[in-house]
Amino acid sequence: MSSLVEEVRSKLAEALKDALQAACRCGAIRVDEAPDFTLEVPREKDHGDFATNLAMLLAKPARMSPRKAAEILTQHFSPAGSWVERVEIAGPGFINFYLDPAWVYQVLPGILQHGADYGRLDLGHGKKVQVEFVSANPTGLLHMGNARGAALGDSIAAILDFAGYDVSREYYINDAGNQIENFGLSLEARYLQLFGRNIPVPEGGYHGEDILTSASSFRDLHGDAYLERDAADRRAALVEFALEEKLGNIKRVLSDFGVKYDVWFSEQSLHDTGAVQKTLDFLKDRGFIYEKEEALWFKATEFGVEKDEVMVRSNGLPTYFAADIAYHWNKFQRGFDWVINIWGADHHGHVPRMKGAAAALGYEPAALDVVIMQLVRLYKGGELVRMSKRSGQFVTLEELVEEVGRDAARYFFVMRSADSHLDFDLDLARAESNENPVYYIQYAYARICSIFRQLTEQGGARPDPGLVDYSLLKEEPELALARKLADFPGEVASAAGGLAPQRIARYLHELAGLLHSFYNSHRVITQDQELTAARLVLMDATSITLKNALGLLGLAAPDRM
RNA sequence: GUCCCAGUAGCUCAGCUGGAUAGAGCAACGGACUUCUAAUCCGUAGGUCAUAGGUUCGAAUCCUAUCUGGGAUACCA
């Protein structure tokens, strides 16, 4: 689906190029080729519907003042079929185009026709994309950082899907390695403690209450059956039991948060199937592996990384990084053209390594994109809460949703860019939950629904968008609203291109603002049937757009509030 | 030390790959409900875009240096 704004823009761009050519032909301007100019919607509506910087770019090569160049261009400009009503030269040499207000009306019946697909694009041409996010260790509960990752990753995935990519959401389960060892030892200590044994939770182990809970659930199920068993067996049984329980919890909490995954991928499976070994062999064959101090190293420095990395430790165990390379190889082998990972800022050092590994495997490093999100700091009672799994002190995603609600939480995480720090004041979020911007947006949607309920009660019917006289929408708030609706596909494109859901969040807020503003100054249902019909279509189009945009952020569109 | 992110209104932050007079929410102040939902709207006030240079027609945006805050620099994951 192409966007109305894009259509007009490309028509104008063509007309401008024609004007430049015509000016060159008659010798008024001498340049070798057309500069790469922009054609944008000015912030100030006094500056027209579109503006171009072409004349300013021509000034230097054509050796004339920008305003002079603009003058010549406008003389040769013919606006045929582009809705242009008048052209003005302004400021340092901008050419501003003022369109017939009617141009924007055409967007309205189009929105009604496309409905839930309004704004859907084909930027991706069905390209296969994988978005991997959260991937928290299954040894604990989901915390605020995971919550941000969940909201961001899910929204990015939804936006890419809407932009025409074939998207798969994936969770990488870190069910192997050291932390699982620790997990087993911690569970074992708690289990034995339940039977009065004085076994402390190991230094660096997991001290959270959830470990105790898992141990006692295990006790309830198996009693003292494992008390005298071989320690390795006991730990294996505890780990298997607790992992299943934890993972079940993680799936449930994420699902309640509105996040559904297509694939849950186990790290352990990479070891079990020999994929890690195969990856090591492959890299060794290609000469990227060497031995030093009884460990195997990856020549990361050949790919511009500061230092080489250990793949297999001197104790014979592969590192997390080795498994991660195998994992990414697996991703590419599954046919993903574009692999996107959402990682916390504490993993940013891992990015160049991973890109280097992708190159070593023979893939384009650009096929791997990593969105780094800055950490979330939690404030409670005006004080910073130090979150750590080890100490067991943190606020879980589950608690967050209980306290501030799913929609407010998701909006909060997605309304600012990933690379800015996020201070989450829990007291404030709770106290101000009624003033949260997400309600402002949802209220706009609910208000429109209310208008249509009113219409039905009065025995009215939805107008046929093909039979409506849109030229009756002359008031500025109506035109502003329609223009904003026309922007939506462009917003989707830029959110997708920049992997930036906060653009959608901002767009929603602005759109809701225009709706509220219109609503307070004009009535939709009036005695004037023609005008009522036109405004009803405008309202319908607005509600469709609001709902589609809310959906991209995983937010509900409530009929009433 | 090196690398990454940030520094914009009292607070929290937008500002799309350089555009015209730097925006919004909260907080403050003054107004608007006999109306399709006031969870709303309208208005006032609030700024040396960290600092100093540079690039050019034009810089919050790009480059360099400095300052401040956070993070990364493991045979942890």
Side-chain angles (χ1 to χ4, degrees), chain A residues 38 40 42-44 46-47 51 53 55-57 59-60 65-67 90-94 96 135 137 139 174 176-180 182 204 267 292-297 306-307 309-321 323-324 344-352 372-375 377 415-423 425 428 432-444 446-455 457-458 490-491 493-495 497-498 500 502-503 505-506 509-510 512-513 515-526 535 539 560-561:
Chain A
T38 63
E40 54 192 19
R43 206 171 30 222
E44 295 284 323
D46 290 348
H47 295 145
N53 61 349
M56 291 180 285
L57 296 172
K60 201 166 202 180
S65 78
R67 290 192 70 105
F94 286 103
N96 295 340
S135 300
N137 285 342
T139 51
N174 300 132
N178 263 341
Q179 87 276 9
I180 291 295
N182 259 328
E267 178 186 357
K292 189 180 88 182
E293 292 162 4
E294 291 175 30
L296 291 184
W297 297 71
E306 278 183 53
K307 57 187 192 58
E309 299 291 333
V310 172
M311 299 292 284
V312 179
R313 294 183 278 246
S314 51
N315 63 9
L317 294 175
T319 58
Y320 168 84
F321 184 44
D324 215 15
D346 53 341
H347 282 63
H348 89 253
H350 195 50
V351 176
I372 292 294
M373 51 168 193
Q374 298 299 314
L375 301 177
R377 281 180 303 206
M415 70 188 287
R416 56 243 307 169
S417 73
D419 48 15
S420 68
H421 294 267
L422 185 56
D423 289 340
D425 187 327
L428 198 69
E432 294 192 344
S433 63
N434 273 0
E435 291 159 21
N436 193 298
V438 73
Y439 296 106
Y440 179 84
I441 297 162
Q442 292 177 323
Y443 185 47
R447 273 183 145 175
I448 296 174
C449 291
S450 173
I451 292 172
F452 282 99
R453 276 195 298 273
Q454 187 78 16
L455 178 72
E457 274 169 31
Q458 294 179 7
E491 293 288 341
S494 70
Q502 79 273 10
R503 304 236 176 105
R506 193 177 73 247
H509 199 265
E510 287 167 0
L515 182 278
H516 287 310
S517 188
F518 165 76
Y519 186 96
N520 275 275
S521 55
H522 299 79
R523 289 188 60 82
V524 172
I525 300 173
T526 63
R535 286 184 174 168
M539 290 300 102
R560 57 181 87 223
M561 290 173 72

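Quantities reported herein were computed from a predicted structural model and do not represent experimental measurements. Residue numbers begin at 1 in each chain, while the letters A, B, ... track the order of the sequences.
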Value in whole Å for how far the P atom of B:U68 lies from NE2 of A:H421:
16 Å
Minimum heavy-atom separation for A:R313 and A:P318, please, with both atom names.
NH2-O, 3.5 Å
Which part of the nucleic acid does A:A51 contact within heavy-atom distance under 4.0 Å: base, sugar-phosphate only, or nothing?
base
Rounded to whole Å, CE of A:M415 lies from P of B:G23 at a distance of 19 Å
Are OP1 or OP2 of B:A77 and a side-chain N or O of A:N178 less than 4.0 angstrom apart?
yes
NA contact type, A:N96, heavy-atom cut-off 4.0 Å: base, sugar-phosphate, or nothing?
base
Across the strands shown, which category fits A:Q458 at heavy-atom distances under 4.0 angstrom: base, sugar-phosphate, nothing?
nothing
For nucleotides B:G23 and B:U66, find the distance between their P atoms and express it as a whole number of Å.
33 Å
Ranking B:A77, B:A20, B:C5 by distance to the side chain of A:Q374, first place goes to B:C5
d(CD, A:E309; C1', B:C75) in whole Å:
10 Å
Side chains of A:N137 and A:T139: donor-acceptor distance under 3.5 Å anywhere?
no
What does A:S417 touch in the nucleic acid at a heavy-atom separation under 4.0 angstrom: a base, only the sugar-phosphate, or nothing?
sugar-phosphate
Is there a donor and acceptor pair, one atom on the side chain of A:N53 and one on the base of B:A20, closer than 3.5 Å?
no
Return the nearest nucleotide to the side chain of A:R447; candidates are B:A38, B:A39, B:C75.
B:A38
Counting heavy atoms from C-beta on, name the nucleotide in B:A77, B:C57, B:C36 closest to the side chain of A:Y519.
B:C36
Euclidean distance for P, B:A22 against B:C16 (whole angstrom):
15 Å
So what does A:S517 hit on the nucleic acid, given a heavy-atom distance under 4.0 Å: a base, only sugar-phosphate, or nothing?
sugar-phosphate
A:K60 side chain, from C-beta outward: closest of B:U35, B:C75, B:U56:
B:U56
Give the nucleotide from the list B:A77, B:A20, B:A14 with an atom nearest to the side chain of A:R416.
B:A14
P atom, B:U44 versus B:A39: distance in rounded Å?
24 Å
Separation of B:C75 C1' from A:D324 CG (nearest whole Å):
17 Å
Mind checking the P distance from B:C5 to B:A24? Whole angstroms is fine.
29 Å
If you look at every strand shown and take non-hydrogen atoms under 4.0 Å, does A:A446 touch a base, only sugar-phosphate, or nothing?
base
Rounded distance in Å - CZ (A:F94) to P (B:G18)
13 Å
Looking across every strand, which nucleic acid part, if any, lies under 4.0 Å from A:H348 by heavy atom: base, sugar-phosphate, or nothing?
base
